[in-house]
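Everything on this sheet refers to the single structure shown next.
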Amino acid sequence: MNDYKQTSPIDFTIIFVVVAFGIISCYTLYTINPYLGAVEQGSYMKQIVWYVIGAVGAGFMMILDYDRLHQIVWAIYGFGVTMLLMIFFKFPPGIVHYSGGAWSWFKFPGIGTIQPSEFMKVFLVITLAHVIVRHNEKNTIKTIKSDLLLLLKIVILAIIPMALIAVQPDLGTFLVLASITGFMILISGIQWRILLSILSSILLVVGVVALMFIFNFTKVTTFLEESVFAHVDSRFYGWLQPEKYEQSAGLQLIKSITAIGSGQLTGKGPGNFEVMVPERHTDMIFTAISEQFGFVGSSIVVTLFFLLVYRMIQIALESNDAFGSYLIVGVVAMIVFQVFQNIGMSIQLLPITGLPLPFLSYGGSSTLAYLLAIGIVLNIKSRTRTYMFE
């Protein structure tokens with residue numbers, strides 16, 4: 001019997017949360033505006049424009065049958081990798097833009113900067129979901145050989161953009177792609193004994209590196225300083241001993257903790273800033289919310305993120321299409337890691353990386369990428385049918 005329960009094709013909970021994030025983001029940027037430099041002035045107006053563009057993009061993703069992504073997946077992946085290659089080769093000259101210690105942007109006159117790595121997050125989610133579904137359709141009987149083949153496919157597809165992003169260098173986005181890949185591997189159906197073997201190997205390598213760090217500190221530090229992650233060691237020092245490096249690597253963290261703590265329970269009120277935190281309108285926007293609205297305001301933000309993730313997980317479980325479920329898991333991995341990392345680095349739980357807070361931090365590329373991802377989730381929800389008799 002194919003009767004199904006009539007449910008709304010639109011998930012108003014997710015829409016409500018995203019609209020709330022848009023209001024919080026634009027209002028917070030508005031209150032920060034007087035404290036920004038000349039270049040950053042008016043960021044709240046630009047954020048409104050990006051939200052409008054993102055809403056149109058999300059609407060398009062809702063209309064498009066997400067199953068058609070199977071047909072264009074390699075064009076999407078190829079487009080993303082091509083943009084990263086253009087960044088790597090700094091082509092075309094004058095368009096590839098250097099900022100914040102990394103070559104990560106295209107800068108277009110009259111438009112502003114575009115960060116390809118933000119879109120690569122969504123492209124990688126789509127690509128890995130496609131590969132996992134198609135592989136499992138062809139290999140209905142699981143074997144160690146087929147599972148290792150799937151693992152190899154996932155790793156190769158993920159390592160290409162990860163390597164190109166690592167050399168920019170952009171550690172934060174690199175970790176997001178790693179998180180997406182890890183989540184997708186976990187739910188791909190690969191046998192647990194294979195995953196546990198890999199995890200054990202990784203832990204062994206981490207343990208060896210830790211021992212080398214303890215017993216051969218100088219050589220390891222020298223290696224870090226000369227490697228592609230030359231900025232990582234200073235960030236770790238600033239994280240572990242911010243007071244010692246308060247005039248350099250620890251400055252941003254000390255300012256962040258001071259601002260969040262000064263907000264106390266209910267905050268100082270809109271626009272009342274006493275602590276000047278570097279990059280407050282982008283990576284450190286959580287400190288602005290906490291200082292103005294205190295523990296209450298920051299708790300509301302965290303609750304909204306929890307509600308968004310909870311609802312997406314529900315939709316993934318309700319979906320009767322494996323491709324849709326995999327897509328949502330990838331989006332959840334992308335958002336959860338960034339929220340945990342961004343808020344964690346603001347309170348010294350994690351080292352500082354250049355990751356924006358999803359939906360809240362100023363940034364056209366990130367805002368547009370998140371809203372496109374939300375459009376995919378809403379699309380999956382609208383095409384899910386809950387049948388009375390399975």
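A distance of 11.0 Å separates OG in Ser361 from CZ in Phe286, rounded to the nearest 0.5 Å. With values rounded to the nearest 0.5 angstrom, Ile180 atom CD1 is found 7.5 Å from Gln338 atom CD. To the nearest 0.5 angstrom, Lys138 atom NZ is 13.0 Å from Thr140 atom OG1. Atom CD of Gln314 is separated from atom CD1 of Ile14 by 9.5 Å, given to the nearest 0.5 angstrom. Rounding to the nearest 0.5 angstrom, the gap separating the CG atom in Leu307 from the CE atom in Met312 is 10.0 Å. For the atom pair CZ (Phe79) and CE (Met120), the distance works out to 10.5 Å, reported to the nearest 0.5 Å.
In this structure, Phe305 has its ring center closer than 6.0 angstrom to the ring center of Phe21.
Residues Leu251 and Ile285 do not share a hydrophobic cluster, clusters being chains of Ile/Leu/Val/Met/Phe/Trp/Tyr side chains in contact below 4.5 Å. Ile144 and Ile185 fall within a single hydrophobic cluster, where Ile, Leu, Val, Met, Phe, Trp and Tyr side chains are chained together by heavy-atom contacts under 4.5 Å. Note on Leu203: it does not cluster hydrophobically with Val155, by side-chain heavy-atom contacts below 4.5 Å among ILVMFWY residues. Following chains of ILVMFWY side-chain contacts shorter than 4.5 Å, one cannot reach Tyr310 starting from Val302, and the two form parts of different hydrophobic clusters. In terms of hydrophobic clustering, with Ile, Leu, Val, Met, Phe, Trp and Tyr side chains grouped at heavy-atom distances under 4.5 Å, Phe306 and Ile313 are assigned to different clusters.
Each of Thr266, Asn272, Thr287, Thr31 was evaluated against Gln292; a single residue qualifies, Thr31, per the side-chain hydrogen bond (donor to acceptor under 3.5 Å, both in side chains) test.
Distance alone, capped at 3.5 Å, is enough to place a donor-acceptor pair between the Asn342 side chain and the Asp283 backbone. Between the side chain of Asn379 and the main chain of Met62, a donor-acceptor pair closer than 3.5 Å is present. Side chain of Asn136 to backbone of Ile132: a donor-acceptor contact under 3.5 angstrom is found. Judged by distance alone, with hydrogens and angles left aside, the side-chain atoms of Ser256 form no donor-acceptor pair with the main-chain N or O of Gln252 at under 3.5 Å. Panel note: side chain Gln41, backbone Leu36; a donor-acceptor pair is recorded below 3.5 Å. Tyr35 places a side-chain N or O within 3.5 Å of a backbone atom of Gly271 that can act as its donor or acceptor partner. Under a 3.5 Å cut-off, the side chain of Asp65 and the backbone N or O of Arg68 do not form any donor-acceptor pair. Formation of a donor-acceptor pair under 3.5 Å by the Ser179 side chain with backbone atoms of Leu175 is not found in this model. The backbone N or O of Ser146 lies less than 3.5 Å from a partner atom in the side chain of His135, making a donor-acceptor pair. Judged purely by atom type and a 3.5 angstrom limit, Thr367 has no side-chain atom pairing as donor or acceptor with the backbone of Gly364.
Minimum interatomic distance between Ala322 and Val133 (heavy atoms only, all atoms of both residues): C-CG2, 4.1 Å. Between Ser262 and Lys268, the shortest heavy-atom distance links the atoms OG-NZ, 3.0 Å. Nearest heavy-atom pair, Val122 versus Ala373, reported as atom, atom and distance to 0.1 Å: CG2-CB, 4.3 Å. Contact between Met345 and Leu253 at its shortest, heavy atoms only, is O-CD1, 3.5 Å. Scanning both residues, Arg193 and Ser197, for their nearest heavy atoms gives O-OG, 2.7 Å. For the residue pair Ile289 and Leu360, the shortest heavy atom distance occurs at CD1-CD1, 4.1 Å.
A 4.5 Å side-chain heavy-atom check between Trp105 and Val96 finds every atom pair outside the cut-off. Within the 4.5 Å cutoff, no side-chain heavy atoms of Met45 are placed close to those of Cys26. In this structure the side chain of Thr282 never reaches within 4.5 angstrom of the side chain of Leu357, judged on heavy atoms. The shortest distance between side-chain heavy atoms of Val309 and Val339 does not fall below 4.5 Å. Within the 4.5 Å cutoff, the side chain of Leu84 has heavy atoms near those of the Gln168 side chain. Contact check for Glu40 versus Asn33: no side-chain heavy atoms found under the 4.5 Å cut-off. You'll find the side chain of Phe293 reaches within 4.5 Å of the side chain of Pro270, heavy atoms only. The closest side-chain heavy-atom distance from Asn139 to Leu150 is not below 4.5 Å.
Side-chain contact check for Gln341 and Thr353: at least one donor-acceptor pair (N or O, by modelled atom type) lies under 3.5 Å. Between the side chains of Lys121 and Thr173, no donor-acceptor pair is found at a separation under 3.5 Å. The closest side-chain donor-acceptor pair between Gln115 and Ser104, if any, does not fall under 3.5 angstrom. A donor atom on one side chain and an acceptor atom on the other are found under 3.5 Å apart for Ser25 and Gln47.
The aromatic rings of Tyr44 and Tyr30 stand perpendicular to each other, their planes meeting at an angle above 60°, with 30° marking the opposite boundary. Between Phe359 and Tyr370, the ring-plane angle classifies as tilted under the 30° and 60° cut-offs. Relative ring orientation between His130 and Phe323 is described as perpendicular, the plane-to-plane angle rising above 60° on a 0-90° scale split at 30° and 60°. Ring-plane geometry between Trp74 and Tyr77 is classed as perpendicular, the angle between the planes exceeding 60 degrees on a 0 to 90 degree scale with a lower cut at 30.
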Next on the checklist: Apply side chain to side chain contact (heavy atoms under 4.5 Å, CB included) to residues Lys46 and Tyr362 and explain how you reach the verdict.
Outcome noted: CA-CA 9 Å; Lys46 297 176 184 177; Tyr362 169 70; 3.2 Å; yes
Checklist entry - What do the steps show when you test Ile380 against Asp321 for side chain to side chain contact (heavy atoms under 4.5 Å, CB included), and what is the final call? => result CA-CA 9 Å; Ile380 296 167; Asp321 176 54; over 6 Å; no
Item to check | Working for side chain to side chain contact (heavy atoms under 4.5 Å, CB included), residues Tyr326 and Val125 | outcome: CA-CA 8 Å; Tyr326 287 132; Val125 169; over 6 Å; no
Next on the checklist: With side chain to side chain contact (heavy atoms under 4.5 Å, CB included) as the criterion, how do Ile53 and Leu368 come out once you've worked through the C-alpha distance, each side chain's angles and the decisive distance to 0.1 Å?
Outcome noted: CA-CA 7 Å; Ile53 296 173; Leu368 183 54; 4.2 Å; yes
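The existence of a salt bridge linking Arg280 and Glu291 is confirmed by a sub-4.0 Å separation between a basic side-chain nitrogen and an acidic carboxylate oxygen.
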